[in-house]
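Notes for the one structure printed next.
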Amino acid sequence: MTGQEAAGRSTLADGGREPPGALVSRRGVLHAAGVGALMAATAGAGLLSYRAYDNRVLGADRSGAFDGWRRWRDEPGLRGLVAAASLAASPHNTQPWSFHLGDNHIDVYADDARRMGSVDPYARELRLGLGCALENLVLAGQARGFDPQVTLCPDTTRPDLAARVDLPSGAHNETARYRAIGRRHTNRGPYRRQPISDAILAELTSLATGQPTLAWITSEHDRLAMGQLMVEAAQAVTADTDQSRDGFAWFRASADAINAHKDGLTLDGQGLSSLVTAVAKLLPSTSRAAGDAFWVDQTRTVHTRTAAAYGLILVPDPRDPVHQLDGGRLLQRIHLEVTVRGLALQHMNQITERIDRDLSLGRSQTFGPRLAALVGRSDQQVLTAFRLGHPVREGRRSPRRPAPEVLR
(Lines give C-alpha, C1' and ligand atoms only; values in the text may rest on other atoms or scores of the structure.)
Protein backbone atom coordinates (compact mmCIF):
# COMPACT_ATOMS: atom_id res chain seq x y z
CA MET A 1 0.00 0.00 0.00
CA THR A 2 1.34 3.40 -0.90
CA GLY A 3 1.53 6.22 1.63
CA GLN A 4 -1.29 8.02 -0.18
CA GLU A 5 -3.50 4.93 -0.07
CA ALA A 6 -2.79 4.43 3.60
CA ALA A 7 -3.70 8.03 4.30
CA GLY A 8 -6.93 7.56 2.36
CA ARG A 9 -8.26 4.89 4.75
CA SER A 10 -10.52 6.03 7.56
CA THR A 11 -10.46 4.82 11.13
CA LEU A 12 -13.63 3.19 12.42
CA ALA A 13 -15.42 4.45 15.50
CA ASP A 14 -14.42 1.31 17.42
CA GLY A 15 -10.75 1.86 16.69
CA GLY A 16 -10.47 -0.79 13.98
CA ARG A 17 -9.66 -0.41 10.30
CA GLU A 18 -12.02 -0.69 7.40
CA PRO A 19 -11.83 -4.05 5.63
CA PRO A 20 -10.20 -4.38 2.21
CA GLY A 21 -12.49 -2.96 -0.45
CA ALA A 22 -14.37 -0.78 2.04
CA LEU A 23 -12.62 2.40 0.98
CA VAL A 24 -10.05 3.34 -1.60
CA SER A 25 -7.70 6.28 -1.76
CA ARG A 26 -8.88 9.54 -3.31
CA ARG A 27 -6.62 8.84 -6.28
CA GLY A 28 -8.20 5.40 -6.58
CA VAL A 29 -11.70 6.86 -6.38
CA LEU A 30 -10.98 9.40 -9.09
CA HIS A 31 -9.32 6.78 -11.28
CA ALA A 32 -12.18 4.29 -10.84
CA ALA A 33 -14.80 6.94 -11.45
CA GLY A 34 -13.09 8.27 -14.54
CA VAL A 35 -13.16 11.87 -13.37
CA GLY A 36 -10.58 12.90 -15.94
CA ALA A 37 -12.86 11.73 -18.72
CA LEU A 38 -15.79 13.35 -17.00
CA MET A 39 -14.10 16.74 -16.82
CA ALA A 40 -13.08 16.55 -20.44
CA ALA A 41 -16.59 15.60 -21.50
CA THR A 42 -18.40 18.17 -19.41
CA ALA A 43 -15.94 21.08 -19.52
CA GLY A 44 -17.92 23.72 -17.73
CA ALA A 45 -19.47 23.96 -14.32
CA GLY A 46 -22.93 24.48 -15.80
CA LEU A 47 -23.30 20.95 -17.09
CA LEU A 48 -21.81 19.48 -13.92
CA SER A 49 -24.25 21.52 -11.85
CA TYR A 50 -27.14 20.30 -14.00
CA ARG A 51 -26.12 16.65 -13.63
CA ALA A 52 -25.72 17.16 -9.89
CA TYR A 53 -29.26 18.51 -9.72
CA ASP A 54 -30.75 16.03 -12.20
CA ASN A 55 -29.33 12.96 -10.44
CA ARG A 56 -29.83 14.27 -6.89
CA VAL A 57 -26.17 14.09 -5.90
CA LEU A 58 -27.28 15.42 -2.51
CA GLY A 59 -30.53 14.41 -0.83
CA ALA A 60 -31.28 11.51 -3.18
CA ASP A 61 -33.98 9.98 -0.98
CA ARG A 62 -36.05 13.15 -0.51
CA SER A 63 -38.22 12.70 -3.59
CA GLY A 64 -41.71 11.23 -3.70
CA ALA A 65 -40.33 7.79 -4.61
CA PHE A 66 -39.15 7.50 -0.99
CA ASP A 67 -42.23 8.86 0.79
CA GLY A 68 -43.31 5.37 1.78
CA TRP A 69 -40.44 5.15 4.26
CA ARG A 70 -41.46 8.39 5.95
CA ARG A 71 -45.25 7.98 5.94
CA TRP A 72 -45.88 4.27 6.29
CA ARG A 73 -47.56 4.67 9.68
CA ASP A 74 -49.88 7.45 8.47
CA GLU A 75 -52.15 5.44 6.15
CA PRO A 76 -55.57 4.79 7.74
CA GLY A 77 -57.38 1.48 8.14
CA LEU A 78 -56.32 -1.57 6.17
CA ARG A 79 -54.29 0.62 3.82
CA GLY A 80 -51.90 1.06 6.73
CA LEU A 81 -51.16 -2.67 6.60
CA VAL A 82 -50.48 -2.41 2.87
CA ALA A 83 -48.17 0.57 3.45
CA ALA A 84 -46.10 -1.57 5.80
CA ALA A 85 -46.15 -4.53 3.42
CA SER A 86 -44.90 -2.31 0.59
CA LEU A 87 -41.63 -1.68 2.47
CA ALA A 88 -40.67 -5.35 2.47
CA ALA A 89 -37.57 -6.74 0.83
CA SER A 90 -37.77 -8.16 -2.69
CA PRO A 91 -35.03 -9.36 -5.08
CA HIS A 92 -33.79 -6.46 -7.23
CA ASN A 93 -36.45 -4.35 -5.46
CA THR A 94 -39.01 -5.57 -8.00
CA GLN A 95 -41.88 -5.24 -5.48
CA PRO A 96 -43.82 -8.07 -7.18
CA TRP A 97 -47.06 -7.57 -5.25
CA SER A 98 -50.53 -6.10 -5.34
CA PHE A 99 -53.26 -6.14 -2.70
CA HIS A 100 -57.05 -6.22 -2.60
CA LEU A 101 -58.82 -4.88 0.48
CA GLY A 102 -61.93 -6.71 1.67
CA ASP A 103 -64.19 -5.77 4.56
CA ASN A 104 -62.16 -7.80 7.04
CA HIS A 105 -59.42 -9.40 4.97
CA ILE A 106 -56.59 -8.57 2.55
CA ASP A 107 -55.73 -10.66 -0.50
CA VAL A 108 -52.08 -10.67 -1.58
CA TYR A 109 -51.47 -11.16 -5.31
CA ALA A 110 -48.37 -11.87 -7.38
CA ASP A 111 -47.68 -9.31 -10.10
CA ASP A 112 -46.22 -11.55 -12.78
CA ALA A 113 -45.25 -8.54 -14.90
CA ARG A 114 -42.60 -7.90 -12.24
CA ARG A 115 -41.03 -11.34 -12.56
CA MET A 116 -37.44 -11.28 -13.82
CA GLY A 117 -37.66 -13.70 -16.73
CA SER A 118 -34.53 -15.83 -17.09
CA VAL A 119 -33.30 -14.70 -13.67
CA ASP A 120 -36.35 -16.26 -12.01
CA PRO A 121 -37.79 -19.06 -14.18
CA TYR A 122 -39.59 -20.79 -11.29
CA ALA A 123 -40.86 -17.63 -9.52
CA ARG A 124 -38.63 -18.42 -6.55
CA GLU A 125 -37.61 -14.80 -6.09
CA LEU A 126 -41.05 -13.40 -6.89
CA ARG A 127 -42.63 -15.48 -4.11
CA LEU A 128 -39.78 -14.77 -1.72
CA GLY A 129 -40.66 -11.09 -2.11
CA LEU A 130 -44.36 -11.84 -1.60
CA GLY A 131 -43.52 -13.75 1.58
CA CYS A 132 -41.49 -10.78 2.85
CA ALA A 133 -44.44 -8.45 2.20
CA LEU A 134 -46.78 -10.89 3.93
CA GLU A 135 -44.64 -10.87 7.08
CA ASN A 136 -44.70 -7.08 7.24
CA LEU A 137 -48.47 -7.10 6.72
CA VAL A 138 -48.96 -9.53 9.62
CA LEU A 139 -46.78 -7.46 11.96
CA ALA A 140 -48.68 -4.30 11.00
CA GLY A 141 -52.00 -6.07 11.56
CA GLN A 142 -50.97 -7.13 15.06
CA ALA A 143 -49.79 -3.58 15.85
CA ARG A 144 -53.20 -2.20 14.78
CA GLY A 145 -55.32 -4.52 16.89
CA PHE A 146 -55.98 -7.43 14.53
CA ASP A 147 -55.24 -11.14 14.88
CA PRO A 148 -54.06 -11.91 11.31
CA GLN A 149 -54.86 -15.42 10.06
CA VAL A 150 -52.84 -16.36 6.96
CA THR A 151 -53.88 -18.87 4.32
CA LEU A 152 -51.26 -19.46 1.62
CA CYS A 153 -52.31 -20.22 -1.96
CA PRO A 154 -56.01 -20.34 -0.99
CA ASP A 155 -57.42 -20.90 -4.50
CA THR A 156 -55.79 -23.41 -6.85
CA THR A 157 -57.62 -21.85 -9.79
CA ARG A 158 -55.92 -18.50 -9.10
CA PRO A 159 -52.13 -19.07 -9.10
CA ASP A 160 -51.61 -15.31 -8.81
CA LEU A 161 -53.45 -15.24 -5.46
CA ALA A 162 -50.56 -15.86 -3.08
CA ALA A 163 -52.35 -15.49 0.23
CA ARG A 164 -55.48 -14.36 2.04
CA VAL A 165 -55.07 -12.67 5.41
CA ASP A 166 -58.24 -12.67 7.49
CA LEU A 167 -58.29 -9.93 10.10
CA PRO A 168 -60.44 -10.66 13.15
CA SER A 169 -60.01 -8.33 16.10
CA GLY A 170 -57.19 -9.03 18.49
CA ALA A 171 -54.90 -7.43 21.04
CA HIS A 172 -52.68 -4.53 20.04
CA ASN A 173 -49.15 -5.91 19.82
CA GLU A 174 -46.55 -3.45 18.54
CA THR A 175 -43.28 -5.41 18.46
CA ALA A 176 -39.69 -4.26 18.00
CA ARG A 177 -39.68 -5.93 14.58
CA TYR A 178 -42.76 -3.96 13.57
CA ARG A 179 -41.06 -0.71 14.62
CA ALA A 180 -38.02 -1.73 12.55
CA ILE A 181 -40.02 -1.91 9.29
CA GLY A 182 -39.17 1.68 8.35
CA ARG A 183 -35.46 1.22 9.21
CA ARG A 184 -34.83 -2.07 7.43
CA HIS A 185 -32.68 -1.64 4.33
CA THR A 186 -30.50 -4.05 2.36
CA ASN A 187 -26.88 -3.14 3.10
CA ARG A 188 -24.56 -3.85 0.14
CA GLY A 189 -21.62 -2.02 1.67
CA PRO A 190 -18.63 -3.40 3.57
CA TYR A 191 -18.99 -5.04 6.96
CA ARG A 192 -16.51 -4.85 9.84
CA ARG A 193 -14.09 -7.64 10.66
CA GLN A 194 -16.11 -8.69 13.69
CA PRO A 195 -17.77 -12.08 14.12
CA ILE A 196 -21.44 -12.55 14.94
CA SER A 197 -21.84 -14.10 18.38
CA ASP A 198 -23.16 -17.63 18.71
CA ALA A 199 -25.92 -16.28 20.96
CA ILE A 200 -27.21 -13.95 18.23
CA LEU A 201 -27.06 -16.68 15.60
CA ALA A 202 -29.00 -18.99 17.92
CA GLU A 203 -31.66 -16.34 18.50
CA LEU A 204 -32.00 -15.74 14.76
CA THR A 205 -32.24 -19.50 14.21
CA SER A 206 -35.12 -19.65 16.70
CA LEU A 207 -37.17 -17.44 14.34
CA ALA A 208 -37.57 -20.46 12.03
CA THR A 209 -40.67 -21.98 13.58
CA GLY A 210 -42.31 -23.64 10.57
CA GLN A 211 -41.24 -25.69 7.56
CA PRO A 212 -38.25 -23.55 6.50
CA THR A 213 -35.12 -24.03 8.58
CA LEU A 214 -31.98 -21.95 8.87
CA ALA A 215 -28.33 -22.94 8.48
CA TRP A 216 -25.20 -20.84 9.02
CA ILE A 217 -21.81 -20.78 7.35
CA THR A 218 -19.37 -19.23 9.81
CA SER A 219 -16.00 -21.00 9.71
CA GLU A 220 -13.29 -19.28 7.68
CA HIS A 221 -12.83 -22.31 5.44
CA ASP A 222 -16.53 -22.59 4.59
CA ARG A 223 -16.97 -18.82 4.21
CA LEU A 224 -14.14 -18.76 1.68
CA ALA A 225 -15.72 -21.66 -0.21
CA MET A 226 -19.14 -19.99 -0.17
CA GLY A 227 -17.61 -16.68 -1.23
CA GLN A 228 -15.85 -18.30 -4.17
CA LEU A 229 -19.12 -19.92 -5.24
CA MET A 230 -20.87 -16.53 -5.00
CA VAL A 231 -18.23 -14.88 -7.21
CA GLU A 232 -18.36 -17.64 -9.81
CA ALA A 233 -22.16 -17.49 -9.88
CA ALA A 234 -22.09 -13.70 -10.37
CA GLN A 235 -19.68 -14.19 -13.26
CA ALA A 236 -21.97 -16.83 -14.76
CA VAL A 237 -25.03 -14.57 -14.47
CA THR A 238 -23.26 -11.70 -16.22
CA ALA A 239 -21.91 -14.02 -18.93
CA ASP A 240 -25.46 -15.19 -19.67
CA THR A 241 -26.88 -12.56 -22.04
CA ASP A 242 -30.49 -13.20 -21.07
CA GLN A 243 -29.87 -13.10 -17.33
CA SER A 244 -27.64 -10.06 -17.64
CA ARG A 245 -30.30 -8.20 -19.62
CA ASP A 246 -33.21 -9.25 -17.41
CA GLY A 247 -31.35 -8.20 -14.27
CA PHE A 248 -30.04 -4.89 -15.61
CA ALA A 249 -33.55 -3.89 -16.64
CA TRP A 250 -34.19 -3.13 -12.96
CA PHE A 251 -31.34 -0.65 -12.56
CA ARG A 252 -32.56 2.96 -12.25
CA ALA A 253 -29.68 5.16 -13.36
CA SER A 254 -31.22 8.62 -12.89
CA ALA A 255 -33.53 10.52 -10.59
CA ASP A 256 -36.09 10.70 -13.39
CA ALA A 257 -36.10 6.91 -13.75
CA ILE A 258 -36.39 6.45 -9.98
CA ASN A 259 -39.35 8.81 -9.74
CA ALA A 260 -41.04 7.27 -12.77
CA HIS A 261 -40.76 3.64 -11.61
CA LYS A 262 -40.39 3.87 -7.80
CA ASP A 263 -38.65 0.49 -7.79
CA GLY A 264 -35.43 -1.22 -8.81
CA LEU A 265 -31.78 -0.79 -7.86
CA THR A 266 -30.08 2.58 -7.56
CA LEU A 267 -26.58 3.97 -7.15
CA ASP A 268 -27.47 5.07 -3.63
CA GLY A 269 -28.32 1.50 -2.71
CA GLN A 270 -24.96 -0.01 -3.70
CA GLY A 271 -23.29 0.58 -0.33
CA LEU A 272 -20.62 2.93 -1.69
CA SER A 273 -19.12 5.81 0.25
CA SER A 274 -20.78 9.20 -0.15
CA LEU A 275 -17.85 10.45 -2.24
CA VAL A 276 -17.87 7.56 -4.69
CA THR A 277 -21.67 7.70 -4.98
CA ALA A 278 -21.63 11.44 -5.70
CA VAL A 279 -18.90 11.11 -8.33
CA ALA A 280 -20.68 8.17 -9.98
CA LYS A 281 -23.83 10.28 -10.32
CA LEU A 282 -21.89 12.94 -12.20
CA LEU A 283 -20.78 10.42 -14.80
CA PRO A 284 -22.86 9.44 -17.86
CA SER A 285 -25.24 6.54 -17.29
CA THR A 286 -23.49 3.20 -17.01
CA SER A 287 -23.75 0.49 -19.65
CA ARG A 288 -24.95 -3.01 -18.91
CA ALA A 289 -21.42 -4.37 -19.37
CA ALA A 290 -20.02 -1.81 -16.93
CA GLY A 291 -22.78 -2.53 -14.44
CA ASP A 292 -22.10 -6.27 -14.65
CA ALA A 293 -18.38 -5.75 -14.15
CA PHE A 294 -19.05 -3.52 -11.13
CA TRP A 295 -21.32 -6.13 -9.52
CA VAL A 296 -18.79 -8.94 -9.98
CA ASP A 297 -16.02 -6.75 -8.59
CA GLN A 298 -18.10 -5.74 -5.55
CA THR A 299 -19.02 -9.38 -4.98
CA ARG A 300 -15.35 -10.32 -4.96
CA THR A 301 -13.82 -7.40 -3.06
CA VAL A 302 -16.60 -6.30 -0.69
CA HIS A 303 -19.60 -8.62 -0.37
CA THR A 304 -17.79 -11.93 0.07
CA ARG A 305 -14.60 -10.53 1.57
CA THR A 306 -16.35 -8.81 4.47
CA ALA A 307 -19.18 -11.24 5.26
CA ALA A 308 -19.05 -12.31 8.90
CA ALA A 309 -21.45 -15.17 8.19
CA TYR A 310 -23.74 -16.53 5.50
CA GLY A 311 -27.29 -17.56 6.29
CA LEU A 312 -29.15 -20.18 4.26
CA ILE A 313 -32.89 -20.73 4.36
CA LEU A 314 -33.59 -24.40 3.69
CA VAL A 315 -36.80 -26.08 2.50
CA PRO A 316 -37.66 -29.54 1.17
CA ASP A 317 -38.54 -28.18 -2.28
CA PRO A 318 -37.35 -24.69 -3.32
CA ARG A 319 -39.77 -24.65 -6.28
CA ASP A 320 -42.87 -25.33 -4.18
CA PRO A 321 -44.97 -22.10 -3.95
CA VAL A 322 -45.87 -22.59 -0.27
CA HIS A 323 -42.25 -23.23 0.67
CA GLN A 324 -41.21 -20.14 -1.28
CA LEU A 325 -43.77 -17.95 0.51
CA ASP A 326 -42.95 -19.39 3.94
CA GLY A 327 -39.26 -18.90 3.24
CA GLY A 328 -39.88 -15.27 2.32
CA ARG A 329 -41.69 -14.67 5.60
CA LEU A 330 -38.74 -16.11 7.50
CA LEU A 331 -36.27 -14.04 5.48
CA GLN A 332 -38.14 -10.83 6.32
CA ARG A 333 -38.41 -11.84 9.99
CA ILE A 334 -34.65 -12.35 10.13
CA HIS A 335 -33.92 -9.06 8.35
CA LEU A 336 -36.14 -7.12 10.75
CA GLU A 337 -34.54 -8.76 13.77
CA VAL A 338 -31.10 -8.01 12.36
CA THR A 339 -32.19 -4.37 12.00
CA VAL A 340 -33.35 -4.28 15.63
CA ARG A 341 -29.88 -5.46 16.66
CA GLY A 342 -28.00 -2.90 14.56
CA LEU A 343 -26.55 -5.52 12.22
CA ALA A 344 -26.48 -5.54 8.41
CA LEU A 345 -27.88 -8.05 5.90
CA GLN A 346 -27.68 -8.43 2.14
CA HIS A 347 -29.64 -10.95 0.09
CA MET A 348 -27.34 -12.84 -2.30
CA ASN A 349 -29.27 -14.86 -4.87
CA GLN A 350 -26.81 -15.49 -7.69
CA ILE A 351 -26.13 -19.14 -6.83
CA THR A 352 -29.81 -20.11 -6.77
CA GLU A 353 -30.42 -18.02 -9.90
CA ARG A 354 -27.85 -20.15 -11.73
CA ILE A 355 -29.25 -23.37 -10.29
CA ASP A 356 -32.73 -22.52 -11.59
CA ARG A 357 -31.36 -21.30 -14.91
CA ASP A 358 -29.50 -24.56 -15.56
CA LEU A 359 -32.55 -26.58 -14.53
CA SER A 360 -34.89 -24.58 -16.76
CA LEU A 361 -32.63 -25.20 -19.76
CA GLY A 362 -32.15 -28.90 -18.99
CA ARG A 363 -28.41 -28.46 -18.47
CA SER A 364 -26.19 -30.32 -16.04
CA GLN A 365 -25.89 -28.60 -12.69
CA THR A 366 -22.75 -26.54 -12.10
CA PHE A 367 -23.55 -24.92 -8.75
CA GLY A 368 -26.15 -27.20 -7.16
CA PRO A 369 -23.84 -30.04 -6.08
CA ARG A 370 -21.20 -27.67 -4.69
CA LEU A 371 -23.80 -25.75 -2.69
CA ALA A 372 -25.32 -28.99 -1.40
CA ALA A 373 -21.89 -30.15 -0.26
CA LEU A 374 -21.48 -26.96 1.79
CA VAL A 375 -24.91 -27.40 3.39
CA GLY A 376 -24.49 -31.11 4.11
CA ARG A 377 -28.24 -31.84 4.30
CA SER A 378 -29.78 -34.47 2.06
CA ASP A 379 -33.36 -33.69 3.14
CA GLN A 380 -33.25 -29.92 2.57
CA GLN A 381 -32.26 -27.57 -0.26
CA VAL A 382 -31.27 -23.92 -0.25
CA LEU A 383 -34.15 -21.58 -1.02
CA THR A 384 -32.16 -18.37 -0.61
CA ALA A 385 -28.93 -17.06 0.91
CA PHE A 386 -27.77 -13.88 2.56
CA ARG A 387 -24.68 -12.43 4.19
CA LEU A 388 -24.61 -10.98 7.69
CA GLY A 389 -22.27 -8.64 9.53
CA HIS A 390 -21.61 -5.46 11.47
CA PRO A 391 -21.99 -2.54 9.03
CA VAL A 392 -19.30 0.02 8.26
CA ARG A 393 -22.07 2.42 7.23
CA GLU A 394 -25.84 2.28 7.23
CA GLY A 395 -27.81 0.93 4.32
CA ARG A 396 -29.80 3.47 2.34
CA ARG A 397 -33.43 3.68 1.36
CA SER A 398 -34.70 2.18 -1.86
CA PRO A 399 -37.52 3.69 -3.93
CA ARG A 400 -41.01 2.40 -3.16
CA ARG A 401 -44.45 2.45 -4.70
CA PRO A 402 -46.89 3.85 -2.13
CA ALA A 403 -49.94 1.95 -0.92
CA PRO A 404 -52.42 3.50 -3.41
CA GLU A 405 -50.28 2.32 -6.33
CA VAL A 406 -50.25 -1.34 -5.25
CA LEU A 407 -53.98 -1.72 -4.59
CA ARG A 408 -56.21 -3.54 -7.07
Side-chain angles (χ1 to χ4, degrees), residues 1-12 17-63 65-66 92-93 185-192 234 238 247-248 250-261 264-303 305-306 344 346 391-399:
M1 180 186 299
T2 67
Q4 184 179 8
E5 288 168 335
R9 291 193 180 275
S10 68
T11 303
L12 300 178
R17 293 286 180 179
E18 299 230 10
L23 290 177
V24 293
S25 67
R26 182 180 180 187
R27 181 179 66 184
V29 170
L30 299 181
H31 174 74
V35 170
L38 170 67
M39 298 304 292
T42 61
L47 185 51
L48 280 175
S49 297
Y50 173 76
R51 288 193 65 80
Y53 168 79
D54 189 48
N55 283 335
R56 307 297 192 270
V57 170
L58 301 175
D61 64 356
R62 296 175 189 167
S63 73
F66 300 87
H92 289 242
N93 192 26
H185 308 298
T186 296
N187 193 322
R188 298 179 180 86
Y191 300 167
R192 303 178 194 273
T238 59
F248 190 72
W250 291 92
F251 182 68
R252 310 306 181 207
S254 69
D256 286 344
I258 291 170
N259 288 327
H261 296 282
L265 303 179
T266 69
L267 281 170
D268 286 285
Q270 298 311 304
L272 303 172
S273 70
S274 297
L275 173 61
V276 174
T277 301
V279 170
K281 288 182 180 181
L282 293 172
L283 293 167
S285 297
T286 188
S287 66
R288 178 162 60 89
D292 284 350
F294 169 81
W295 176 45
V296 172
D297 182 68
Q298 288 292 103
T299 302
R300 179 186 296 109
T301 63
V302 177
H303 303 163
R305 191 175 296 184
T306 70
Q346 178 189 359
V392 168
R393 46 184 169 262
E394 292 183 357
R396 294 176 177 170
R397 293 168 175 164
S398 54

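Residues that satisfy the side chain to side chain donor-acceptor pair (under 3.5 Å) test with T266, not counting sequence neighbours, are absent from this structure. For the side chain to side chain donor-acceptor pair (under 3.5 Å) test, no residue two or more places apart in sequence or in another chain qualifies with S287. In this structure, the side-chain contact (heavy atoms from CB on, under 4.5 Å) partners of T238, at least two apart in sequence or on a different chain, are D292, W295, V296.
Atom NE2 in H303 sits 9.0 Å away from atom CG in N187 (nearest 0.5 Å). Here the straight-line distance linking atom CZ of F251 with atom CZ of R288 works out to 14.0 Å at 0.5 Å rounding.
Residues R393 and P190 come closest through the heavy atom pair NH2-CD, 3.5 Å. Of all non-hydrogen atoms in Q346 and Y191, the two that sit nearest each other are N-OH, 3.4 Å. The heavy-atom pair separating G269 from R188 by the smallest distance is O-NH1, 2.8 Å. The minimum heavy-atom distance between I258 and P399, with the atom names listed, is CG2-CB, 3.8 Å. The nearest pair of heavy atoms linking G247 to H92 is O-ND1, 3.7 Å.
For the pair D268/F66, no side-chain contact is recorded, criterion being any heavy-atom separation below 4.5 Å from C-beta on. Residues Q270 and L265 form a side-chain contact, since some pair of their non-hydrogen atoms from C-beta on lies under 4.5 Å apart.
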Please lay out, stage by stage, how T277 and R396 fare under the test side-chain contact (heavy atoms from CB on, under 4.5 Å).
CA-CA 12 Å; T277 301; R396 294 176 177 170; 3.5 Å; yes
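The main-chain N or O of S398 is never found under 3.5 Å from a side-chain atom of H185 such that the two would form a donor-acceptor pair. At least one donor-acceptor pair closer than 3.5 Å links the side chain of N259 to the backbone N or O of A255.
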